[in-house]
Amino acid sequence: GFWEWDYSSRNGPSTWVEKFPMAAGSRQSPVNIETDRAESDHEALSSKPLRWKYPATASRKLLNPGYCWRVDTDGEGTLLSGGPLMDDIYKLEQYHCHWGCSDSRGSEHTVDGQAFAGELHLVHWNTTKYKTFAEAAKAPDGLAVLGVFLKVGKPHDEMDKIARLLPYVSHKEDCIEINEPIDPSKLLPVRGGRAGNSGGIQRCVNPCMRWAGRIIRPENKCGQWQDDNGYWTYLGSLTTPPCNESVTWILFKRYIEVSHHQLNIFRNLRKFPRGEECPCHENHGVVINNFRPPLPLGNRVLRECGS
Ligand code: SG5
Ligand code: ZN
């Protein structure tokens, strides 16, 4: 058949540059985050807190593209803004995940040389400056990806909604509609463990109110959140072909926990379509180790926000 990129020894990351010259650029992702080298940029980053809004109804379809699982959204009512993105409004296009064959690897970014069991990516595009996702994907400030590290531990409730649906998209090109709401903001780290050396929690944008002596928490209603956790940010690229250098990366310092069992469900997805023969020579055709290794940061600046 025709040449398709993947993560195998034959068509893996080191070969991508032959068909996708951008993969050899100087603004590529992922990178290893050297926490000591991050420049604190409180003035610029904290003056406008990172904030997001994701209605659970925006998650529409779950797909197996043969490289990962992916949830496509309708973007409706979603928003990411502030922090390195300043006043531009980005919309959520899709979210997907990268993982390993074992719990000791799987993330694309590493922190002080350490890999995590997985990495969740929420892919957004700049609706202030561009008309379509495709147009934004070609622009240096077109995309913003929120990255969340996955560590093995307790099962994750929201991730379980996805894990329970994965058997219905076991083969490449399988796709189902999502009927039970899946809330991407519940996949972000709240009071989780730390990847770096900072703390904090997420806050609801609307403050609590006192009413008749009671504290009214608007969290459940407003659905709009801002970050107090801290994150690292730098300018990079898509981590898969065509490796466009169009991404502002925002990586949470805190990770989320998912269970070993939940990761095993990810590891059971197939790289080949239903009805096709299994390419048993390589890992029985399952999707594992779908991460690109880190590339040099070069002379790019890694900034951090959060103490
Ligand atoms: C995922 O990561 C998605 C890409 C996404 C890249 O592997 O891959 C697939 O779903 C396989 C087709 O999503 C798409 O290709 C959607 C059509 O690429 C994009 O979002 C740009 C098209 C890269 O995203 S990442 O840098 O966050 N890892
Ligand atoms: Zn990704």
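Computed from heavy atoms alone, side chains included, the values below leave out hydrogens, waters and symmetry copies. In each ligand, atom 1 is the first atom listed, and ligand 1 is the first ligand listed.
Using a 4.0 Å cut-off to heavy atoms of L238, the atoms of ligand 1 that qualify are 19 (C), 21 (C), 23 (C), 24 (O), 26 (O). Close approach to Y67 involves these atoms of ligand 1, each under 4.0 Å from a residue heavy atom: 11 (C). Set against the non-hydrogen atoms of P65, the atoms of ligand 1 under 4.0 Å away are 9 (C), 10 (O), 11 (C), 12 (C). Listed by number with element, the atoms of ligand 1 under 4.0 angstrom from any heavy atom of H98 are 28 (N).
At a heavy-atom distance under 4.0 Å, no atom of E93 approaches ligand 1. At a heavy-atom distance under 4.0 Å, only side-chain atoms of W249, from C-beta outward, approach ligand 1.
By the criterion of a separation under 2.8 Å, the protein N/O/S atoms near the Zn ion (ligand 2) amount to H96 NE2, H98 NE2, H121 ND1.
At least one N or O atom of Q94, backbone or side chain, sits closer than 3.5 Å to an N or O atom of ligand 1. Inclusion of W5 in the set of residues having an N or O under 3.5 Å from an N or O of ligand 1 is not warranted.
Side-chain atoms of E158 come within 3.5 Å of backbone N or O of D183 as a donor-acceptor pair. Side chain of R292 to backbone of P30: no donor-acceptor contact under 3.5 angstrom is found. No donor-acceptor distance shorter than 3.5 angstrom exists from the side chain of D72 to the backbone of E93, with no hydrogens or angles considered.
The protein non-hydrogen atom at the shortest distance from atom 10 (O) of ligand 1 is R70 NH1, 2.6 Å. Considering only non-hydrogen protein atoms, atom 22 (C) of ligand 1 sits nearest to F133 CE2, 3.9 Å. Closest to atom 24 (O) of ligand 1 among all protein heavy atoms lies H96 CE1, 3.6 Å. Of the protein's heavy atoms, T240 OG1, 3.0 Å lies nearest to atom 6 (C) of ligand 1. Taking atom 8 (O) of ligand 1 as the reference point, the nearest protein heavy-atom neighbour is C68 SG, 4.2 Å.
Under 4.0 Å is where a charged nitrogen must lie from a carboxylate oxygen, and between R10 and E4 no such pair does.
Note: W99 and F291 fail the aromatic proximity criterion, with ring centroids not under 6.0 Å apart. Here the two rings, on W16 and Y7, have centers that are under 6.0 Å apart.
Residue K151 places its NZ atom among 12 or fewer non-hydrogen atoms of other residues, nucleotides or ligands, all under 6.0 Å distant. Around NZ of K154, the count of heavy atoms belonging to other residues, nucleotides or ligands within 6.0 Å does not exceed 12. No more than 12 heavy atoms of other residues, nucleotides or ligands shown are found within 6.0 angstrom of CZ on R60.
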Report task. Kindly indicate, with the supporting measurements, whether the criterion side-chain hydrogen bond (donor to acceptor under 3.5 Å, both in side chains) is fulfilled by S237 and E245. Result -> CA-CA 4 Å; S237 73; E245 298 187 329; 5.7 Å; no
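Note that CG of L235 is 12.5 Å distant from CD of Q28, once rounded to the nearest 0.5 Å.
Using a 30° and 60° split on the angle between ring planes, F266 and W69 fall in the perpendicular class, above 60°. Note: Y234 and W249 have parallel aromatic rings, judged against thresholds of 30 and 60 degrees for the angle between ring planes.
Nearest-heavy-atom check against atom 26 (O) of ligand 1 across V145, T239, N64 picks out T239.
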